[in-house]
Amino acid sequence: MKIVTRFAPSPTGYLHIGGARTAIFNYLFAKKHNGKYLVRIEDTDKKRSTNEAVDAIHDGLNWLGVNSSEKIIYQSKNLESHVKVAYELLEKGFAYKCFLNPEELNHLRTKSRENGIPIKSPWRNNNSISENKEFVIRLKMPLNGTTTINDYVQGKVSVKNEILDDMIILRSDKTPTYMLSSVVDDNKMGITHIIRGDDHFNNAFRQIQIINFLKWDKPLYAHIPLIHGTDGSKLSKRHGATNLIDYHNMGYTSEAMFSYLLQLGWTTRDDEDDYEFNKVVKLFALENINKSPAKFDIKKLNNINSRYLNNMDTNNIYKLIIERFELILNIHQERRLKSLLPELLKRVDVYVDLKDDFEWIIEDNFLCKDENKLKQLKENNLMINEIGDLLKNCEWTKETIDHCLKTYIQEKSIKFKDVGPIIRIALTGKTNSPDLVSIIYELGCTISLNRLNYNY
Ligand code: GLU
């Protein structure tokens, strides 16, 4: 059997990190089995669906590298076939027209809530036509027996059919509901495995009735627990960003995000911290999806991201930075930035935090502008210039630069802390930065000496 999975987001907002994780699971499962992974945009709710949201879904999936290579399916294009199935169910006696007016429906709802019984319209057993021409089509849920789903994550769960509502499959304006459209499309697309959030687990027991009535092939299910915040409540904005692309904007790498989202809810016995794409494709199994909700912990993501940044090829991270900050550099500036990047990356979680370092690295004529720091430079101008003079005559290697600084400290009987911070400010305008010798060396003789021989 060729495995076919799908990610079926509704384009009503941004791509939530929970949705992104669902996409990753669907993608990996299909890839692992040489199957097909499809993306279906569930855009039937025209009032709430927007083009921006569709773009956001594509941008997010592309960033993570889990977009489908197949044609994207737009559910709204299939509406006719959904309506056709609603009428087929009606004709075969598995559904009925319900002519309740809003008042009657309200009454029925209240009654069923009060008595804890499912909604079954009196029109279920009434084949006549009402004066009221407006009707919805409801599914005639079986009254006996049980429905059992053997879910990869939730396990084997049985539900008595008598508790199922006669759900609406076609609204009075002749538009199909999600409960119908989703099943019809899954069938048409040949979906073999439905991997989605466990907020849809209840729906599965109802949707499966349509599949049973029409004798369609039953898909297998994996309903994944939702992502929670560190306090154990359902993840919301107060726990941090829930929009996937915000993480891109904040400077997380897609590799780190992919790895972390996968770890949120999936573990292997292979105790690896980082889930590298190609390795994970081989290992992925639905059985390893965790049964309890995962907790989104930004500290863990930061650790992973920082590890990725430090292991990344300098050319790749350089490219990311240049694109993000739209920097246009000459070969000298490029060399300086590239050579200092490994040191700089040790100090940040996200590469966007490097933005304060670009100026002193890139600008040939950089000068510290902060007034308080300038005051310090003025007070120590003599020392700065003396060190500049010493360096002027030294061979430009890290060893000799180091030796020069040490000799100066020794001769003056002072400590490194009397020199280091001031020189650092003169060169970078900052009080914390990578190792001083590396900075002097990588900035090069001309630039370093300009900044050290300056009259502050
Ligand atoms: N469109 C639904 C949602 O965004 C998903 C439906 C499904 O996976 O069956 O929640």
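Keep in mind the model is a prediction, meaning the values are calculated, not measured. Both ligands and their constituent atoms are indexed starting at 1 by order of listing.
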Per-atom contacts, ligand 1 versus Ser182 - under 4.0 Å to a heavy atom: 9 (O)

Does ligand 1 have an atom that lies less than 4.0 angstrom from a heavy atom of Tyr178? yes

Side-chain ion pair, Asp313 and Lys319, N-O less than 4.0 Å: no

Quick test: of every protein heavy atom, which one is nearest to atom 5 (C) of ligand 1, and how far off is it to 0.1 Å? Ala8 O, 3.2 Å

If you measure only the distance, is there a donor-acceptor pair under 3.5 Å linking the side chains of Asp166 and Tyr96? yes

Nearest protein heavy-atom contact for atom 1 (N) of ligand 1: which residue, which atom, what distance? Glu42 OE1, 2.6 Å

Looking at Phe325, Phe366, Tyr318, Tyr351, which one forms a ring-ring contact (aromatic ring centres under 6.0 Å, His included) with Phe358? Phe325

protein heavy-atom neighbour closest to atom 10 (O) of ligand 1 works out as His200 NE2, 2.9 Å

Taking only non-hydrogen atoms of Arg6 and a 4.0 Å limit, the atoms of ligand 1 in range are 7 (C), 8 (O), 9 (O)

Looking at ligand 1, does any of its N/O atoms fall within less than 3.5 Å of an N/O of Arg40? no

Please could you name the atoms of ligand 1 that Arg196 approaches to less than 4.0 Å, counting only its heavy atoms? 7 (C), 8 (O), 9 (O)

So Asp186 and Arg40, do their side chains get closer than 4.5 Å, heavy atoms only? yes

Sub-6.0 Å ring centroid separation between Tyr247 and Trp63: no

Asn365 atom CG, neighbour heavy-atom count above 12 within 6.0 Å: no

For ligand 1, is any non-hydrogen atom under 4.0 Å from Ser10's backbone (N, CA, C, O), its side chain (CB onward), both, or neither? both

Lys/Arg N to Asp/Glu carboxylate O, Asp231 vs Arg238, below 4.0 Å: yes

